[in-house]
Amino acid sequence: MLDPKQIRTEITVVAEQLKRRGFVLDVIALEQLEAERKKLQVRTQELQSRRNARSKAIGKAKAAGEDIAPLMAEVGKLGEELADAEKELVLLQSKLDEIQWGIPNLLNEDVPDGQDESANVEVSKWGTPRQFDFKPKDHVELTEKSNRLSFDQGVKLTGSRFVVMQGAVARLHRALIQFMLDLHTQEHGYREVYVPYLVNRDSLFGTGQLPKFGEDLFALKGENEYFLIPTAEVPVTNLVRDEIIDAKALPLKYVAHTPCFRAEAGSYGKDTRGMIRQHQFEKVELVQIVKPDDAWRAHEELTRHAEIVLEKLELPYRKIVLCAGDTGFSSAKTYDLEVWLPGQQCYREISSCSCFTDFQARRLKARWRNPESNKPELVYTLNGSGLAVGRTLVAVLENYQQADGSVNVPEVLRGYMGGVSKIV
RNA sequence: GGAGAGAUGGCCGAGCGGCUGAAGGCGCUCCCCUGCUAAGGGAGUAAACGGUUUGUCCCGUUUCGAGGGUUCGAAUCCCUCUCUCUCCGCCA
């Protein structure tokens with residue numbers, strides 16, 4: 001969430017900035033609620049103060065052996081008045097909270113204007129799409145005969161948008177995960193973490209999935225209110241919830257491999273073919289917790305770490321910066337990496353790297369102790385896919401396919417494949 | 001699943017109706033002392049929110065796992081929940 005103080009004191013500036021996203025802030029309603037809040041809070045606190053003073057006086061009088069009856073009578077009415085004021089204040093505050101929790105993050109000034117993905121801006125391009133001397137198949141066709149990628153079996157076991165992998169493809173998928181984890185831990189300085197795949201409401205609130213985007217989540221039935229994680233961002237970033245981190249410990253750099261579960265209500269009809277959009281997929285996620293001053297440098301660095309995965313796999317990609325209207329709710333700036341898919345003859349998103357400034361940290365109460373002020377201040381959080389494994393698998397299959405339907409194994413993965421250089 | 005114990009500040013840990021926002025210790029900051037190091041002496045050190053000022057000064061409120069209750073007054077008493085630990089059972 002945004003700083004409530006900022007919303008209060010610079011409401012027109014905030015509203016103006018949010019307009020870039022196409023978000024309309026109801027300034028008048030907010031100002032009115034705020035004025036009421038102020039009045040009520042001051043009144044409530046005044047009543048509390050008087051109640052406290054009276055109660056203290058009763059204590060003293062009692063200790064001195066004086067008659068406390070008159071004091072007791074005086075404080076009686078005060079209590080009722082106070083209870084009413086408190087109730088009203090709580091109600092009002094919850095209204096304000098609801099509005100504030102629904103306001104997206106302010107955008108970094110580098111973010112280009114635009115309403116939707118058509119306005120995203122390409123930043124760079126790496127590699128050149130391979131020229132095939134045959135018509136390249138997409139990953140579905142490629143694996144059809146061998147049944148190494150079976151959407152029918154996924155449907156049988158669960159339903160649409162689930163997949164079963166077998167044999168060499170399943171192994172390639174696992175190899176990708178190992179390769180990514182090793183790269184990030186050994187060369188990029190991340191700490192590997194293993195985290196729960198089920199999280200509670202507080203965690204989802206902390207990273208911003210709740211209360212606004214609950215329909216994208218799978219929730220468990222049962223005694224406890226648990227949700228399947230839509231990304232490792234949720235459990236990993238929540239590691240710092242309610243913590244005050246020593247300045248010397250920053251930056252924290254975590255990498256985690258987890259499955260991700262997304263209901264994505266409303267996405268039906270889009271990407272129905274193949275494993276581009278599944279309810280369950282694997283991802284290797286990078287998370288950084290940094291000092292505010294380091295955030296933008298860290299954002300470039302983290303994005304670079306994701307790019308390197310693609311480069312080592314020799315997969316052509318481009319890097320784009322999302323425009324104002326396409327940038328996610330919690331993010332201040334997002335780069336997407338898009339990999340070339342010969343089967344679709346286009347670039348498709350394979351990584352999304354975002355800087356959330358203090359937006360998540362404020363919800364998380366994630367702070368660090370700034371040695372300059374010696375006071376706790378909010379950290380900045382970042383994350384990015386490094387990479388989405390399912391889509392990387394698709395990219396490898398399609399880019400490394402041969403005319404005979406076999407697939408070469410990328411050089412860097414062969415060690416993870418027991419030396420196998422080709423999947424027949 | 002059964003039985004018991006517990007949850008207090010950055011950390012450890014006392015308190016068990018008013019004088020406690022909270023003893024003591026550790027850590028941290030500043031100062032003094034000692035030729036480095038080690039040791040020692042002194043002072044300070046919770047957060048959130050609001051008012052006020054925009055001066056990091058002052059005033060107030062809230063917070064001792066969470067929520068409710070008793071009371072003029074709750075860290076302290078009662079109820080519910082969550083979590084942690086110990087023992088037993090079961091289990092990868």
Side-chain angles (χ1 to χ4, degrees), chain A residues 1-11 13 30-31 33-97 99-101 194 196-206 210 220 222-227 235 238-250 252 289 291-292 358 361-379:
Chain A
M1 66 192 285
L2 299 178
D3 183 358
K5 224 174 268 173
Q6 190 187 10
I7 296 176
R8 215 175 294 144
T9 56
E10 303 173 23
I11 191 158
V13 178
L30 206 54
E31 276 181 329
L33 279 173
E34 181 49 41
E36 269 178 69
R37 190 228 91 230
K38 191 163 169 175
K39 213 171 65 189
L40 244 177
Q41 182 165 347
V42 168
R43 201 171 94 84
T44 305
Q45 293 190 352
E46 232 172 63
L47 287 168
Q48 285 171 329
S49 177
R50 259 157 64 196
R51 191 261 331 261
N52 290 348
R54 292 296 82 188
S55 293
K56 220 164 238 173
I58 291 175
K60 284 219 178 86
K62 208 171 168 187
E66 293 165 19
D67 180 20
I68 56 171
L71 281 168
M72 298 274 277
E74 192 186 331
V75 91
K77 255 184 283 163
L78 208 63
E80 282 174 44
E81 242 181 290
L82 179 58
D84 286 347
E86 277 176 341
K87 212 187 284 173
E88 231 180 301
L89 183 61
V90 166
L91 199 76
L92 189 65
Q93 191 58 55
S94 68
K95 266 190 217 164
L96 271 167
D97 285 346
I99 293 173
Q100 290 181 348
W101 292 338
Y194 171 86
Y197 304 156
L198 299 177
V199 292
N200 57 32
R201 187 168 277 276
D202 287 346
S203 294
L204 288 159
F205 177 80
L210 287 178
L220 260 62
E223 228 176 296
N224 293 308
E225 191 184 40
Y226 289 151
F227 300 84
N238 270 277
L239 288 172
V240 296
R241 171 152 51 89
D242 293 321
E243 299 286 340
I244 298 176
I245 302 155
D246 197 295
K248 290 193 279 275
L250 295 174
L252 294 171
I289 312 293
K291 298 175 193 167
D358 58 8
R362 186 168 293 107
R363 291 168 160 244
L364 291 162
K365 294 187 185 65
R367 296 165 296 174
W368 66 298
R369 198 173 287 279
N370 186 344
E372 280 174 37
S373 63
N374 207 29
K375 291 261 182 273
E377 296 173 14
L378 295 170
V379 295

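Proteins get letters first, then strands, A, B, ... in listed order; numbering begins at 1 in each. Just the heavy atoms: all of them, side chains too, but no hydrogens, waters or symmetry mates, feed the values below.
The structure places CD1 of A/Ile7 at 6.5 Å from CE of A/Met1, a figure rounded to the nearest 0.5 Å. The CG atom of A/Leu30 lies 6.5 Å from the CG atom of A/Leu96; values are rounded to the nearest 0.5 Å.
Atom P of nucleotide B/C72 and atom CD1 of A/Ile58 are separated by 8 Å, given to the nearest angstrom. Spacing between atom NZ of A/Lys87 and atom C1' of B/G69 amounts to 14 Å, rounded to whole angstrom units. When the P atom of B/C11 is taken as reference, atom CD of A/Glu243 falls 8 Å away, rounded to whole Å. Distance NZ (A/Lys56) to P (B/G17): 18 Å, rounded to an integer number of Å. With rounding to whole Å, A/Lys60 atom NZ is found 17 Å from B/G73 atom P. For the pair A/Asp202 CG and B/G67 P, the computed distance is 12 Å after rounding to whole Å.
The gap from the P atom of B/C78 to that of B/C16 amounts to 14 Å, rounded to the nearest Å. Atom P of B/A3 sits at a distance of 25 Å from the matching atom of B/A92, rounded to the whole Å. Comparing B/G65 with B/C85, their C1' atoms are spaced 15 Å from each other, to the whole Å. Taking the P atom of each, B/U62 and B/A74 are spaced 9 Å apart, rounded to whole Å. A distance of about 37 Å separates the C1' atoms of B/A7 and B/G41, rounded to the whole Å. Atom name C1', nucleotides B/U34 and B/U61: the rounded distance is 48 Å, in whole Å. Using C1' as the reference atom, B/U76 and B/U71 are 13 Å apart when rounded to the nearest Å. If you take atom P in B/A47 and the same atom in B/U52, they sit 23 Å apart, rounded to whole Å.
Heavy-atom distances to RNA chain B give each of A/Val75 and A/Glu86 a nearest nucleotide, and the one nearer the 5′ end belongs to A/Glu86.
The pairing partner recorded for B/C16 is none, the criterion being a Watson-Crick or G-U wobble arrangement whose two distances lie under 3.5 angstrom. Across all strands shown, B/G73 remains unpaired; no Watson-Crick or G-U wobble contact has both distances below 3.5 Å. Judged by Watson-Crick or G-U wobble contacts below 3.5 Å, the nucleotide B/A46 has B/U63 as its partner. When both pairing distances are held under 3.5 Å, B/A39 makes no Watson-Crick or G-U pair with any nucleotide shown. B/C11 and B/G25 make up a base pair, with Watson-Crick or G-U wobble contacts both under 3.5 Å. In this entry B/U86 has B/A3 as its Watson-Crick or G-U wobble partner, both defining distances falling under 3.5 Å.
Using modelled atom types, one finds a donor on one side chain and an acceptor on the other under 3.5 Å when comparing A/Asn200 with A/Ser203. A/Asn52 and A/Gln48 are not linked by any side-chain donor-acceptor pair at a separation below 3.5 angstrom, with hydrogens and angles left out of the test.
In this structure, A/Arg43 and A/Glu81 have side chains that are in contact, with non-hydrogen atoms separated by less than 4.5 Å. Between A/Arg362 and A/Pro4, the closest side-chain pair of non-hydrogen atoms falls below 4.5 Å. Using a 4.5 Å cut-off on side-chain heavy atoms (C-beta onward), A/Arg369 and A/Asp246 make no contact. Residues A/Leu252 and A/Leu250 have side chains in contact (heavy-atom distance under 4.5 Å, counting atoms from C-beta outward).
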How would you summarise protein contacts on nucleotides 43-61 of chain B per nucleotide, using B for base, S for sugar-phosphate only and - for none, with heavy-atom distances below 4.0 Å?
----SSSSSS-------BS
